[in-house]
Each structure stands twice: as structure tokens, then as C-alpha cells.
Amino acid sequence: MKLTEELEAKFNAQITLEFEASLVYRQLAIEMDLIDLPGMATWLRRQADEEIVHANKFIDHLDARGNHPRIGDIAVGGLDGADDPKKAFEIALEHEQKVSESIRDLYRACDQAGDIDSNPLLNWFLSEQIEEESTIDEILGRLDHTGDDGPGLLRLDAEMAERPNRGTEE
Ligand code: FEO
């Protein structure tokens, strides 16, 4: 069953936000590369890919429902100070919190409209957001533990380089 025009617009805003998340993570990866933390840069690049997977899930949903997926305007800003690992992951967490709120909003709108068919997709995303916020929160906690300890930071960086490359077509 086709989504209402209002819901289509909300899903399209979510598609745009997921692509925005991808670009934010890509920029943060660049910042980590520039300060010689290649493991964190790799981790952030993998996350940039995962955000494209997320956008594609919403695109596929609109397509399957007979609606028209559209990518809106994207501007990546507000990344001042991202040349510091702690600040970079704080920016990442803030963006994830924004995405989580947007998905909750989408969930409420679908619920109100009685759009049961979006439930499986949105339930998946609600769980995914809990996991993503928790992962970044843990990285921030570990960064706090390393403090000014250079070798500790390099160990964490080496560990983060191990994140598997799943590409954008998961
Ligand atoms: Fe697609 Fe990280 O939320």
C-alpha cells in the first residue's frame, strides 16, 4: 500500500539525513587521517559506508511501497574542532542522537497514520540506533580512559582499524 504524501516526505527527509550522516562520518575520517590516527579513520569510513546502507533501506522501502524516493539538499557543517578524537566522536554521537530522534518521529507519524507496513523497517532502525549510540558512547569512554596516554590511544586506534569492510550493499 502506498504511503501518504506526508509520510513520503518524512521518509525522504530520513533518506537525506542518512546520506548526511555518511558525509559527516567521511569528513570525521578525513580529520582522523590528518592527525595520523588511521585506525579511527578506517572505523569512521566503515561507518560512512553503513550509513549508505541505511539510506538504501529507506529508498527500497519507498520504492516497494510505490512511492518516490528523493534525496534532498545536504550540507555538512558544524564539525569545528573535529581534529581531536574526543571531539570527533562527540560530534558523531550528537549526530546519531539527531538520527534516533528523527526515526522516533517517523515511527510516531506512521503509528498515527495506521501505517503498519512500515513497522518492521522502523523497529529494525530503533534497535540499530540504540546499538550505534551505545558503540560510540563506549568509544568516548575508552578515549576518556586513555587521557593523555599516547600508547593507549595508539592501541585503541589499532583495534579500531580491525572493523570489517562490509561495503555499501550489505
Ligand atoms: Fe543511520 Fe548511524 O544512523
Side-chain angles (χ1 to χ4, degrees), residues 3 7-33 37 39-65 67 69-82 84-111 115 117-143 156 159-170:
L3 288 154
L7 285 179
E8 180 182 292
K10 278 187 171 291
F11 272 94
N12 277 326
Q14 190 64 39
I15 289 167
T16 307
L17 193 56
E18 300 289 348
F19 279 119
E20 180 186 295
S22 181
L23 293 179
V24 167
Y25 278 114
R26 187 66 188 90
Q27 184 63 46
L28 295 176
I30 290 168
E31 302 298 333
M32 292 304 98
D33 248 333
L37 290 171
M40 291 192 185
T42 298
W43 192 97
L44 290 159
R45 281 189 78 150
R46 303 287 184 254
Q47 187 61 35
D49 286 350
E50 194 169 319
E51 298 301 345
I52 293 175
V53 172
H54 291 176
N56 285 336
K57 281 182 188 287
F58 283 114
I59 289 171
D60 290 347
H61 184 66
L62 285 201
D63 190 16
R65 300 285 302 269
N67 290 87
R70 284 188 185 85
I71 302 165
D73 295 342
I74 298 174
V76 177
L79 305 186
D80 295 343
D84 168 82
K86 185 81 199 293
K87 181 69 185 165
F89 281 91
E90 278 171 357
I91 290 169
L93 182 59
E94 221 171 278
H95 204 277
E96 286 302 344
Q97 287 165 343
K98 179 173 153 186
V99 171
S100 298
E101 194 43 44
S102 174
I103 286 169
R104 284 183 210 112
D105 186 48
L106 201 47
Y107 188 96
R108 288 183 201 110
C110 286
D111 200 38
D115 190 68
D117 295 3
S118 294
N119 273 1
L121 179 73
L122 293 175
N123 281 329
W124 184 90
F125 271 101
L126 288 172
S127 303
E128 177 71 4
Q129 283 309 119
I130 291 171
E131 193 188 309
E132 293 208 334
E133 284 191 36
S134 158
T135 302
I136 296 172
D137 202 45
E138 187 181 307
I139 293 169
L140 281 168
R142 295 184 70 189
L143 279 166
L156 177 59
E159 193 186 310
M160 289 176 73
E162 300 301 316
R163 182 173 179 171
N165 183 0
R166 297 211 162 87
T168 56
E169 295 299 326
E170 216 172 272

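Computed from heavy atoms alone, side chains included, the values below leave out hydrogens, waters and symmetry copies. Order of listing sets the numbers, starting from 1, for every ligand and every atom in it.
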Test salt bridge (Lys or Arg N to Asp or Glu O under 4.0 Å) on K98 and E94; report intermediate values, then the result. CA-CA 6 Å; K98 179 173 153 186; E94 221 171 278; over 6 Å; no
How many angstroms lie between atom CG of L44 and atom OG of S22, to the nearest 0.5 angstrom? 11.0 Å
With the threshold set at 4.0 Å, does a side-chain nitrogen-carboxylate oxygen contact exist between D115 and K10? no
Non-neighbouring partners of E128 that pass salt bridge (charged side-chain N to carboxylate O under 4.0 Å, His left out), sequence neighbours left out: none
When the ring centroid of H95 is compared with that of Y25, is the distance short of 6.0 Å? no
Strictly under 2.8 Å, how many protein N, O or S atoms lie near atom 1 (Fe) of ligand 1? Waters don't count. 3
With a 4.0 Å cut-off, would you call K87 and E31 a salt bridge? no
